[in-house]
Amino acid sequence: MLTLHLTENSPPLSLAADGKTLFEHIVEQDKSRLRDVVAARIGGNLVDLQSVPADGDEVFLVEKDSEAGLEVLRHSAAHIMAEAVQILFPDAKVTIGPAIKDGFYYDFDIENPFTPEDLRAIEKQMKTLIKKGRNFVRREVGRQEAIDLFTGMGEEYKVELINDLPEGETLSLYQSGDFVDLCRGPHLPNASYLKGSVKLLSIAGAYWRGNENNRMLQRIYGTAFADKEALQQHLFLIEEAKKRDHRKLGKELDLFSIQDEAGAGFVIWHPKGALLRTILEDYEKRQHLKKGYQIVMGPQMLKADLWKRSGHFENYRENMYFTRIKDDSADGGEGQEYGIKPMNCLAHMLIYNSHLRSYRDLPLRYFELGTVHRHEPSGVLHGLMRVRCFTQDDAHIICMPEQLQEEITAILEFVAEVMNLFGFSYSMELSTRPEEKSIGSDADWERATQALIQALTVNQLEYEVNAGDGAFYGPKIDVKLKDALGREWQCATIQCDFTLPERFDLSYIGSDGEKHRPVMLHRVILGSIERFIGILIEHYAGAFPLWLAPEQVRILTVTDAHNEYGAQVAELLRDADIRVEADLRNEKLGKKIREAQLEKVPYMLVIGDQEVSSKTVAPRLRKQGETLESMSVEHFISHLQDELKVVLGGSHSC
RNA sequence: GCCCACGUAGCUCAGUGGUGGAGCACUUCCUUGGUAAGGAAGAGGUCAUCGGUUCAAUCCCGAUCGUGGGCUCCA
């Protein structure tokens with residue numbers, strides 16, 4: 001007997017294990033389920049509907065719009081794509097083609113890279129294959145048989161894969177039409193499940209097995225969804241993301257530029273962008289002071305010897321900028337070598353060491369908006385998200401080991417507060433010791449990791465573990481935030497460090513009168529100000545909330561007869577610390593509104609004859625062209641202050 | 001760093017082996033207009049940089065710089 005759960009909630013059915021496939025069982029029980037079911041789960045393993053359940057199996061069905069179901073759908077789509085490519089490009093050698101988050105890809109070794117026209121032709125060919133509705137047929141084979149098969153087909157990458165698989169592993173082949181692939185499965189019963197819901201997206205180069213020493217393959221990305229509507233929704237989100245691209249909006253809103261002649265990866269902040277950044281930084285400074293941090297500042301570069309002592313020279317040199325100026329000093333004119341800081345921790349430790357510290361002084365929390373330079377490979381640079389010079393909202397907390405958990409807890413609360421202000425949801429990840437390139441003893445790593453786990457546990461926070469993804473000096477907690485389009489970004493990070501205090505001989509005198517070694521936490525909340533602003537631009541689609549908007553109010557006069565009063569109003573608002581600009585140009589009101597609207601200014605104040613004579617302003621909101629009743633300037637100012645108070649809670653203005 | 005594509009006016013983009021275009025923006029003039037673009041004229045370019053092929057290169061070729069999409073979510 002076997003147990004079949006036909007739906008999630010229906011009572012399980014007991015069926016005879018009579019050699020029928022799952023597909024046949026479902027047909028017998030409820031044919032209509034075949035519309036939505038693409039695979040099954042037996043004892044934690046995903047299997048095809050073609051498989052024959054054994055006596056005692058408990059079978060759960062996998063629906064096509066579930067996570068596992070989509071994976072099956074996409075993996076099958078990858079196979080169909082590979083078949084289409086082999087029909088159109090018989091010389092193409094297949095490699096691997098997995099399902100990924102939001103889609104799938106397949107890598108091919110082919111003489112000439114694919115063109116966008118090729119992509120369309122491949123998609124068309126796929127549609128033909130899907131229409132034909134071929135079945136996916138599974139066959140298990142011995143190792144030698146598989147090697148002979150793929151060698152015969154000239155598919156050397158598959159042969160390499162087989163040779164790398166552990167001895168004794170069952171090898172399975174899937175055939176759809178004339179296309180045979182080495183594949184673990186499972187797959188759809190039939191390609192027709194993909195009708196109308198597959199789309200090829202892009203072509204890219206990718207290394208065989210991700211290793212840059214290997215041959216560059218041609219990758220095709222595509223996506224597939226449970227139905228046409230879900231696909232359309234996904235394509236809409238891609239379009240929406242394009243519209244919000246911070247590089248596009250950054251230019252349109254005149255926030256920043258990155259220019260060839262200045263250097264790749266170096267952001268130049270224009271007045272509005274610099275103001276936006278200042279607002280963010282001011283907010284951070286206030287919050288840190290409130291939470292018992294002390295603001296400090298270190299120099300942009302320090303002697304190279306200090307970087308050797310910290311381990312950065314050893315572990316991070318290839319990303320660091322160095323400088324040496326020849327002079328006539330005692331060292332023979334070679335000049336002192338300096339390293340431009342890629343991290344801010346060194347100066348903070350020098351501050352700590354500038355005094356003898358008592359346990360009564362701890363914890364010490366040093367905060368710095370620290371600008372760092374890191375030479376990232378040219379290929380990874382991307383707008384504000386990945387740059388070579390950026391400013392971190394960086395802090396180093398030096399404390400006693402027994403204070404560690406309390407400090408981490410406070411940081412996690414800080415993160416929650418800030419994420420909440422911007423409307424981001426977020427999740428946690430714990431990263432442990434890297435396999436290569438790390439410093440410190442096993443015991444230190446273990447202690448640090450445990451402290452982080454404890455703080456997460458005490459706060460009842462869920463987290464995922466990224467084994468081996470820690471920094472070279474310690475384990476860390478990363479916070480991934482989710483923006484308005486559901487995309488994830490890594491910003492805040494809390495890194496535990498038992499190593500640098502050792503290297504720099506940090507100490508404090510304990511209550512016992514003896515010297516002890518403190519612990520250090522490195523942490524950021526926003527991460528990089530540059531990247532965070534990039535995320536904010538996309539999150540808000542450039543329409544910043546009032547407290548962040550570089551220009552909060554724009555005054556629009558109807559004719560130049562109203563300019564004098566308009567300028568007076570601007571002065572009054574400016575006196576109330578409101579960021580205001582006046583558009584006094586000789587242009588029609590419609591044009592002034594259009595431009596203010598496109599520049600996403602939160603409030604527009606229209607000023608014409610009525611306002612001049614009654615000493616009022618007529619506010620128009622950025623949102624859907626809404627307007628407010630005409631009101632006095634004083635009334636308008638308190639209206640803005642109320643709105644700011646709701647968000648920021650305090651009585652200050654920004 | 002590597003693969004592919006791209007680099008033309010401040011911006012968005014056409015275009016050609018033989019004296020480079022449009023729209024917006026800019027300047028001047030006209031216009032004084034109440035909730036998303038008023039009109040006219042003008043100015044604006046070493047066609048990314050350097051080299052090669054050619055009688056002739058913005059266009060073809062190479063290099064460099066830069067930008068964009070990617071570069072183990074593992075049969």
Side-chain angles (χ1 to χ4, degrees), chain A residues 71 74-75 78-79 82 94-107 110 112-116 118 146 150 155 157-166 169-174 181-185 201-221 242 245 247-248 251-252 254 257-266 318 375-383 556-563 585-599 604-611 618-622 624-627 630:
Chain A
E71 216 176 296
R74 288 165 181 165
H75 195 174
H79 274 233
V94 294
T95 65
I96 61 165
I100 55 174
K101 182 179 178 289
D102 289 337
F104 61 87
Y105 68 80
Y106 209 111
D107 287 346
I110 187 167
N112 298 310
F114 296 115
T115 65
D118 293 340
F150 286 108
E155 298 288 7
Y157 292 93
K158 291 290 176 192
V159 176
E160 186 182 330
L161 288 169
I162 295 167
N163 283 327
D164 283 355
L165 288 172
E169 180 138 339
T170 316
L171 298 182
S172 55
L173 304 177
Y174 276 83
D181 202 354
L182 174 76
C183 183
R184 184 163 38 200
L201 297 173
S202 61
I203 312 156
Y207 299 105
W208 168 235
R209 302 195 142 179
N211 185 330
E212 62 186 353
N213 298 318
N214 287 340
R215 192 172 157 79
M216 176 70 72
L217 305 171
Q218 292 300 313
R219 172 170 299 182
I220 300 178
Y221 282 97
K242 268 189 205 158
D245 191 311
R247 293 164 301 182
K248 181 171 171 284
K251 200 177 273 181
E252 287 173 8
D254 199 17
S257 61
I258 299 171
Q259 302 181 25
D260 292 16
E261 53 188 333
F266 295 133
E318 58 271 29
H375 191 81
E376 303 288 351
S378 61
V380 305
L381 300 177
H382 179 88
L556 311 177
T557 49
V558 178
T559 75
D560 53 16
H562 314 118
N563 283 358
R585 292 174 306 164
N586 176 14
E587 294 289 352
K588 289 194 157 188
L589 182 61
K591 179 161 182 158
K592 293 185 181 185
I593 287 177
R594 177 181 156 81
E595 288 183 8
Q597 201 73 46
L598 289 174
E599 288 170 43
M604 289 156 250
L605 295 185
V606 174
I607 288 178
D609 286 339
Q610 286 169 39
E611 286 70 33
R620 175 192 161 105
L621 278 65
R622 160 181 67 188
Q624 301 130 22
E626 279 176 32
T627 56
S630 286

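Sequence lines set the chain letters: A, B, ... in the order given, protein chains first and strands last, and positions in each chain run from 1. Remember, predicted model here, so these are calculated numbers, not experimental data. Atoms considered below: every heavy atom in the structure, side chains included; atoms not considered: hydrogens, waters and symmetry mates.
A:Thr559 places a side-chain N or O within donor-acceptor distance of the main-chain N or O of A:Ala561, the cut-off being under 3.5 Å. Put simply, the side chain of A:Thr557 never gets that close to the backbone of A:His562: no donor and acceptor are under 3.5 Å apart. Although no hydrogens or angles enter the test, the distance criterion places a donor-acceptor pair under 3.5 Å between the side chain of A:Ser172 and the main chain of A:Cys183.
Ranking B:U32, B:C3, B:G33 by closeness to the A:Val558 side chain, first place goes to B:G33. Across B:C11, B:G34, B:C30, the shortest atom-to-atom separation from the side chain of A:Val606 is found for B:G34. Ranking B:G1, B:U12, B:C26 by closeness to the A:Pro377 side chain, first place goes to B:G1. The side chain of A:Lys591 approaches B:A25 more closely than any other nucleotide in the set B:A25, B:U12, B:A36. Set against B:U35, B:G34, B:U32, the side chain of A:Asp609 has B:G34 as its closest nucleotide. Checking B:A25, B:G34, B:A36 against every side-chain atom of A:Leu589, the shortest atom distance belongs to B:G34.
Applying the 4.0 Å criterion to OP1 and OP2 of B:G69, one finds that A:His382 has a side-chain N or O inside that range. For B:G1, the OP1/OP2 oxygens have a side-chain nitrogen or oxygen of A:Ser378 closer than 4.0 Å. Between A:Arg585 and B:A37 there is no side-chain polar atom (N or O) within less than 4.0 angstrom of OP1 or OP2.
Only the P atoms considered, B:C11 is 15 Å distant from B:G7, to the nearest whole Å. Across B:G10 and B:C26, the matching C1' atoms stand 8 Å from one another, rounded to whole Å. Nucleotides B:G45 and B:A9 are separated by 6 Å at their C1' atoms, to the nearest Å. As rounded to the nearest Å, B:U58 and B:G21 have C1' atoms that lie 13 Å from one another. With C1' as the reference atom, B:A57 and B:A48 are 16 Å apart, rounded to whole Å. Straight-line distance between the P atoms of B:G68 and B:G52: roughly 31 Å, to the nearest whole Å. B:A37 and B:A63 have their C1' atoms separated by 46 Å, with the value rounded to a whole Å. Straight-line distance between the C1' atoms of B:A22 and B:A5: roughly 25 Å, to the nearest whole Å.
Residues A:His75 and A:Tyr174 fail the side-chain proximity criterion, which asks for heavy atoms closer than 4.5 Å. Between A:Lys592 and A:Met604, the closest side-chain pair of non-hydrogen atoms is not below 4.5 Å. Side-chain atoms of A:Tyr221 and A:Asp102, non-hydrogen and from C-beta on, never get closer than 4.5 Å to each other. Within the 4.5 Å cutoff, side-chain heavy atoms of A:Lys158 are placed close to those of A:Asp181. Residues A:Leu161 and A:Arg209 are in side-chain contact: their nearest non-hydrogen atoms beyond the backbone lie under 4.5 Å apart. Between A:His382 and A:Arg247, the closest side-chain pair of non-hydrogen atoms falls below 4.5 Å.
When heavy atoms are screened at a 4.0 angstrom cut-off, A:Gly383 is found touching the sugar-phosphate backbone but no base atom. Nucleic acid contact for A:Gln610: base, since at least one base atom lies under 4.0 Å from a heavy atom of the residue.
Atom CZ of A:Arg622 is separated from atom C1' of B:A36 by 16 Å (rounded to the nearest Å). Note: CG (A:Asp260) to P (B:U64) measures 16 Å, nearest angstrom. A straight line from CD of A:Gln259 to P of B:U67 spans 12 Å, rounded to a whole angstrom. B:C11 atom P lies 6 Å from atom NZ of A:Lys251, rounded to whole Å. Distance A:Asp560 CG to B:G33 C1': 11 Å, rounded to the nearest Å. Rounded to a whole Å, the CD atom of A:Gln218 is 9 Å from the P atom of B:A5. Rounded to whole angstrom, the span from the CG atom of A:Asp254 across to the P atom of B:A25 amounts to 16 Å. Separating the NZ atom of A:Lys592 from the C1' atom of B:U32 is a distance of 10 Å, rounded to the nearest angstrom.
Partners of A:Glu595 under the salt bridge (Lys or Arg N to Asp or Glu O under 4.0 Å) rule, at least two apart in sequence or in another chain, are A:Arg585.
In secondary-structure terms, RNA chain B builds stems of at least 3 consecutive Watson-Crick or G-U pairs, each pair having both distances under 3.5 Å, at B:1-7 with B:65-71, B:10-13 with B:21-24, B:26-30 with B:38-42, B:48-52 with B:60-64.
In this model, a side-chain donor or acceptor of A:Asn586 finds a partner on the base of B:G33 within 3.5 Å. The base of B:G34 lies close enough to the side chain of A:Glu611 for a donor and an acceptor atom to sit less than 3.5 Å apart.
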What does nucleotides 70-75 of chain B look like as a protein-contact string, B for base, S for sugar-phosphate only, - for none, at under 4.0 angstrom between heavy atoms? BBBBSB
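Residues A:Phe114 and A:Glu587 each lie close to RNA chain B; by heavy-atom proximity, the contact nearer the 5' end of the strand is made by A:Phe114.
From A:Ile220, atom CD1 reaches atom CZ of A:Phe114 across 4.0 Å, with rounding to the nearest 0.5 Å. The line from CG of A:Leu182 to OH of A:Tyr157 is 15.5 Å long, rounded to the nearest 0.5 Å.
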